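Here the structure is a predicted model, which means the values were calculated and not measured. Every number for a ligand or one of its atoms is a count from 1 in the order of the listing.
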Amino acid sequence: MPAPETRRKSAGIAGNLACRHGPSPAGCTRGLAVSGRGRAHRPARRAVPARRARPAPPGGRPGRDRRRGRARIPRGPRARGGRRRAPHRDRRRRRRRVEPAAPDPAPHARRGPREGRQRRARGGRPRARVRRRSGARAPHPRQRRAAAGGRRRRARRHRHLRVAPGRRGRVRKSRGSPRLGRRAGVHGPGHGVLVAAARRGAPRGARRPPPRRRRAADVRGGGRARFRRAAGRLAHGDAGDPPDRRYRRPAPRPDRARRRPALDGQGGAAARGRGRWGSGGRCRGSGCGPRGSGTGRGGPPRRCRRRRRARAVGAGGRRHPRRGPDPARRARRRRADPLRRPRRDRLRERGALAARGRDPRRPRYGRDLDARGNGGLDWPRGGARVIAVEEYTGRVMADAQPLPAEAVPVSDARGRTLAEPAIARLEIPRFDNSAMDGFAVRFADVAGATEADPVALRVTADVPAGSTLDPAIAPGTAARIMTGAPVPAGADTVSPFEGTVGGLADSLGTALVWQEPRAVGAHVRRRGEDLKVGDEVLPAGTPLGPLQVAALVAAGIAEVRVARRPRVLVASTGSELVAPGEAPGPGQIPDSNSTLLALLVADAGAEVVGCARVDDDPVTLTRLLAATDADVVITSGGVSAGAFEPVRQALEGTVSFEKVAMQPGKPQAFGRLPSGALFFGLPGNPVSVAVSFEVIVRPALLALQGRGEVHRPTLRLPAACGWRTPDGRSQYLPIAVDRDDPARWAVRPATAGGSGSHLAGGLGRAEGYAIVPADVAAVEAGDPIEVILIP
Ligand SMILES: Nc1nc2c(c(=O)[nH]1)N[C@H]1C(S)=C(S)[C@@H](COP(=O)(O)OP(=O)(O)OC[C@H]3O[C@@H](n4cnc5c(N)ncnc54)[C@H](O)[C@@H]3O)O[C@H]1N2
Ligand code: MOO
């Protein structure tokens, strides 16, 4: 049968304590700190059965009980009936934290059973105590002496303190030192003494968080550190504090503050580091004596069976700080080397850069992503940071490089974008031709003609448009000529019918010109005055609308090179969606987004190769994406924070999900799919889709087509009324234009609901978007507003 666990007996106030410095606590001559760890007064080791230790079942309990052959101690907060042995991790943490210490206000304090119950009643856990396992070796007397020496030295150093630096809050039963006790604002001898270092200066009544939260906070450097910071603020003794709050602690010095681990969450090593060997504390490895054991002057650890690296930062996080330079110097050197900077510095730096709008961890599109854009795999997910619209669109645009060019007949070029400049093959006009119906004349003949004294010319030829004739024009003669017809070489001016007495009547006989042409060459269009052969008709990047295509034709161009149209797959996600025109059942709505997107994509010159609707199962979307050969995939919905977000679930880790500082359109996804397709995951709300397309997708689609200008022109119009704007986000408000006063158009929200992103009906009344910058708190009537009008 395994032996019952033995432990030191818990001694009450007047417990069975033996002290090396005196026969009892009362008789201690040293006045050193007493605690579970930094205790100068150690009780006589007396093996007594653990209270309420349950006997193990025959054969022992599974696991280590059986292995170690000892009674199992019930664990966990629920096992309150038995003495709780702190989890190993906690024991280690406590050991790390131990700071053998300053003169303690309660040198012989011990926790008694009543105090343990009080603690539990407050929701705390019993303070685990360091016990030596049955059979564990006692420290060698030399180790004990060395440890005691270290404690004494540190105690001397901190004599001015009332509470040892770095000591955690503890509840101790103590006879206490009346002097210190009173000055520290604690109760006198015989009472439970609250010496809570972590709570020093904390508001009265402040409670420590429950253990689980404390542990979590430790890991994050959050809750407890915050608590301590709050405590620290008061702890330095604000003048207005009541005297019992004004604990005398050394004022924070920059170096000390930097070193103090508990208050600033930074590495503990430097804080405790003393001398050449670093921490001056104990090695946390089991079986390893206190640092400096055996030498009394610090030194390398003798041995350590567990050489696990500690989690804490810096030398103090090591089980055995390496032999080497002073840790503070080493930390400075590390900071100087960007590749070896301590994590806290990197984090600090990242915070600073993030505040400037760039997170250095984040790959930049077009630069840090590999050819397939897979750098995105390492992107931080679900970033809490809201990024500016410009930053987000900047990333998108960096990845939207023009697709390869192709040649198309001009007749099919409408809506395409020139990939190369279009060069004129013909002159415009092709030849000198008449701008008017009338008579081709010699200016000298008609100079000085007036109504009172008209000039009569004999008509010798008739030149219609398309004529190949070039009749001679002798002095005193003229040729009848139509608009666009080549001007005979002998004529230099055209006199329109309106400047003659007879006009078209008798126009093949005599022309009686009464109006003198304004100059030589009047009404003659000169060859090549618009374009000459070889001139650039249109530059690359020009979108080809009707006007542009016509110019190409006029310049004799039959075929142009244009960027390939992006092939776009549109997919709406949502199990609530039914096809357009289909009657929706309960909980269902028509899928308007796929229609909206498909039309917007076509308007942007891209080709819709698929228009799909998928349910909220990410597998469905994954299959769809795996099967597509599109250049671009645009989805709607499924990118925010819900339980059924197929886009997020299917693509998290492949593309980046961001919160963009725009309203609507905050949740966005963008990246490159394994197929190479650019992916845009737009939020599902219909207005969000329209706005996101306008602000993010359309410019990218145009850029893929090599478009020179990807943004619509904006104009400033006054607001017809005021409206609310979102906090910290640029607003893209669907607007209608008031045209009552043609000299002063004004804009107003297209829907009564303002910028509600679900107002799919109101979207139909929108003529464009008002763009209100993020820092504008509200729009007042009459404010000039930047507006995009959507044709
Ligand atoms: N906890 C949070 N919830 C939400 C956040 C957030 O940051 N935290 N953001 C909100 C914002 S802003 C938006 S926008 C939406 C975007 O959500 P999803 O992208 O996941 O879109 P869904 O939830 O799928 O749909 C939103 C809405 O739009 C309707 N919808 C979806 N698809 C269509 C379609 N094809 N045709 C018509 N209407 C569609 C859908 O029924 C929903 O009503 O998230 C907020 N929530
Ligand atoms: O940002 Mo959401 O797109 O407002 O509705």
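- Only the side chain of S688 comes within contact range of ligand 1, with a heavy atom under 4.0 Å; no backbone atom does.
- Close N/O approach between E645 and ligand 1 is found [any backbone or side-chain N/O within under 3.5 Å].
- Close to ligand 1: P590, with a non-hydrogen atom less than 4.0 angstrom away.
- Those atoms of ligand 2 that come under 4.0 Å of a heavy atom in S688, given as number and element, are 2 (Mo), 3 (O), 5 (O).
- Within the 4.0 Å cut-off (strictly below), no protein heavy atom is located near atom 10 (C) of ligand 1.
- An N or O contact shorter than 3.5 Å links G638 to ligand 1 by distance.
- The nearest non-hydrogen atom to atom 31 (C) of ligand 1, considering only P667, G637, G684, comes from G684.
- Taking any N or O of S640, backbone or side chain, at least one lies under 3.5 Å from an N or O belonging to ligand 1.
- At least one N or O atom of V639 sits closer than 3.5 Å to an N or O atom of ligand 1.
- Counting only heavy atoms of the protein, atom 1 (N) of ligand 1 lies nearest to A641 CB, 3.6 Å.
- Residue-ligand proximity, G665 to ligand 2, at heavy-atom distances under 4.0 Å covers atoms 1 (O), 2 (Mo), 3 (O), 4 (O).
- Ring-plane geometry between F670 and F680 is classed as tilted, the angle between the planes lying from 30 to 60 degrees on a 0 to 90 degree scale.
- Close to ligand 1: T573, with a non-hydrogen atom less than 4.0 angstrom away.
- Ligand 2 places these atoms under 4.0 Å from at least one heavy atom of N685: 5 (O).
- To the nearest 0.5 Å, the span separating OH on Y769 from CD on E786 amounts to 15.0 Å.
- Taking 4.0 Å as the cut-off, S592 counts as a neighbour of ligand 1 on heavy-atom distance.
- Only the side chain of E576 comes within 4.0 Å of ligand 1, counting heavy atoms alone; its backbone N, CA, C and O stay farther away.
- For the residue pair N593/S636, the side-chain donor-acceptor check at 3.5 Å is satisfied.
- Proximity of R729 to ligand 2, defined as any heavy-atom pair under 4.0 Å, is confined to the side chain (atoms from C-beta onward).
- From the protein, the heavy atom lying nearest to atom 13 (C) of ligand 1 is N685 ND2, 3.6 Å.
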